[in-house]
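Each chain gets a letter, A, B and so on, in the order its sequence line appears, and its residues count up from 1.
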Amino acid sequence: MARILITSALPYINGIKHLGNLVGSQLPADLYARYMRARGHEVMFICATDEHGTPAELAAAKAGEPVAEYCARMHGVQKRLADGFGLSFDHFGRSSSARNHALTQHFAGRLAEAGLIEEVEETQVFSPDDGRFLPDRYIEGTCPACGYERARGDQCENCTKQLTPRELVNPRSAISGATNLELRATKHLYLRQSALKDRLDAWIDSQKGWPILTTSIAKKWLHDGDGLQDRGITRDLDWGVPVKRGDAPWPGMEGKVFYVWFDAPIEYISATAEWADAQGLDDAAWRRWWRTDEGAGDVRYVQFMGKDNVPFHTLSFPATLMGSGEPWKMVDYIKSFNYLTYDGGQFSTSQGRGVFMDHALELLPGDYWRWWLLSHAPETGDSEFTWENFQASVNKDLADVLGNFVSRVTKFCAARFGPQVPAGGDYGALEHVVADELAGKLAAYARHMEAMEVRKAAAELRAIWVLGNEYLQEAAPWSTIKSDEAAAEAQVRFALNLMRIYAVISRPFLPEASGRIMVALACADWSWPVAPARALEALPVGHAFEVPEMLFRKITDEERAAWAERFAGVRA
RNA sequence: GGGCCUGUAGCUCAAUGGUCAGAGCAGGGCGCUCAUAACGCCUUGGUUGGGGGUUCGAAUCCCUCCGGGCCUACCA
């Protein structure tokens, strides 16, 4: 039994995430966590909401709520949606927790002692009307290069020229439109990542088999231009982790907070501490996952994230951990994903384009979405959501192949032999052939799951479901029963056992439906079919079951058309 | 501008430099009747974006052109 630590990139607090966010981190992380638990490993699966930063403050202001209340409310919303999608976090924490405040300050203190923090005096744009410093991106103006009037202070979206706020013509606040902007001096802390460049480079080099997407992004940042640059880790904001040096004040930094990207990854650790607190356990319980000197030496740590998160997880966060000089557990494998696009374009919150988590659950249960998203995960490149494709996958894979298999087996058995596992006959040549085939496919399925090859795992799982229908067609118990009732009973018994195996192995993808199959079978034996031949005899003869309700319903053409219309957004 | 990824059947995707480039869906034919008008079997369909090169051998490696996407450090 191994110990596996799994973290999903933290969803940001300002609003409800869309399906692209879900499939890029939380969903595949959950798949992996569920699979590893099913195989008997000890798993710690951590996620949290990322609650700090300017966008959270603005979203709260827009909602007319104090930011702390807004975050608490939105955390609840995201938690409920996560539950709706069956995300099996051991703990879903909050980056605003007391644990994270303390740990973030601890790391800052350690980094300062190691000489890896530099205080930099700089000038930034301040907006008196907004009462805040404005990040470059929150300053708009006319692009000096192309004349585009809504260029942002970091880059012109029209001509892609990189800008600084000072270059903009007629700059104004993107928040309020205020034009009386001024430059103010302010002091910030920088993490001296450049001092750790060689260690980070060597560490990346020592990782074998990471996705190209992961290493190429890291290498680019390490070697581009002047190499890895230092990064500001504080901001002039009210909402966040107050800048402290450990638990001591940091002179000159009063009223400032740490930058979200400094405190957010630390929340992976803090959330594990929050978990221990919630379980009534002591610090040793979470430290055995994170401190290699306190039991984490045998932990395998896997992170899941969208490609936009890679630089922070390959460079900044590792720099924080390394720089602390303490033996914190570093990531062993980073699984990164490309983007999911919606019907030929991008998901867009502002334009209401695409499907968001709350709307998705209004239409169909989480399992339907889990199946489509995971079987089409954007692993090798961006992948596209279309309603036609979604409808086809759900109807064919879930309703016809798996759902109908369960239906035909249970109904036939109940009608001919009664609702219990029939006792007659023995497995014959055909059953042994199918058992061998099943063993081969199960091994392939396990290989793909362990390698986190999500789409291949889904394809293999589907092939295992198909095997059941092939078997029924070949065995044809509805014919057998006419001449040899005992043989037909054995065939049905075999199929019922297949059904239990399907529930067990499908659970990482379809937790809810798998649960319903097991309830129908009145079975609590979730043991993984490591020896398929024996697993095909797991259900005791005479064991009573119920014919389950329809496992998956189909999506009609009318629904598909209506949904496509509803979620098309304002843009043509 | 720079960097990275990508282009394979109508659609979504496979294929450590090595048999006739494979699946699923869609299309066509046949079979079955237990089942959610479902299932099974067979089958049509590809000059692997274009061109050049390396090699006994290229979807795969190199060059070039065309198309799509992402990143580029103060959104997170």
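Comparing atom distances between the A:A392 side chain and each of B:rC74, B:rC25, B:rA76 picks out B:rC25 as nearest. For A:T54, counting side-chain heavy atoms from C-beta on, the closest listed nucleotide (B:rA76, B:rC34, B:rC74) is B:rA76.
Counting any heavy atom pair closer than 4.0 Å across all strands shown, A:Y339 reaches sugar-phosphate atoms only and no base atom. Counting any heavy atom pair closer than 4.0 Å across all strands shown, A:R553 reaches no nucleic acid atom. Using a 4.0 Å heavy-atom criterion, one finds that A:S383 contacts the sugar-phosphate atoms exclusively. The residue A:T410 sits apart from the nucleic acid: no heavy atom pair falls under 4.0 Å. Among the heavy atoms of the strands lying under 4.0 Å from A:V466 are primed sugar atoms or P, OP1, OP2 only; no base atom is included.
Applying the 4.0 Å criterion to OP1 and OP2 of B:rC13, one finds that A:K456 has every side-chain N and O outside that range. Not one side-chain nitrogen or oxygen of A:T341 sits closer than 4.0 Å to the OP1 or OP2 atom of B:rC70. The side chain of A:K396 places an N or O atom within less than 4.0 Å of a non-bridging phosphate oxygen (OP1 or OP2) of B:rC39. The phosphate of B:rA76 (OP1 or OP2) has a side-chain N or O of A:Y259 nearer than 4.0 angstrom. An OP1 or OP2 oxygen of B:rU33 is reached within less than 4.0 angstrom by no side-chain nitrogen or oxygen of A:R408.
In summary, A:D382 and A:K307 engage in a salt bridge, as defined by a charged side-chain N under 4.0 Å from a carboxylate O. Salt bridge present: A:D205 and A:K219 bring a charged side-chain N and a carboxylate O closer than 4.0 Å. A salt bridge links A:D400 with A:K554: the closest approach of a Lys/Arg side-chain nitrogen to an acidic carboxylate oxygen falls below 4.0 angstrom.
Atom NZ in A:K219 sits roughly 19 Å away from atom P in B:rU72 (whole-Å rounding).
Place A:S216 and A:E122 on RNA chain B by their nearest nucleotides, and A:S216 ends up nearer the 5' end.
Stacking is not found between A:F412 and the pyrimidine-like six-membered ring of the B:rC34 base under the 5.5 Å centre-distance and 30° plane-angle cut-offs.
Side-chain to base pairing of A:N404 with B:rA38: no donor and acceptor N or O lie closer than 3.5 Å to each other. Evaluation of atom-type donor-acceptor distances gives no pair under 3.5 Å for the side chain of A:E388 against the base of B:rC11.
No side-chain donor from either of A:N389 and A:T386 sits under 3.5 Å from a side-chain acceptor of the other. Remark: the A:N100 side chain and the A:R94 side chain contain no N/O donor-acceptor pair separated by less than 3.5 Å.
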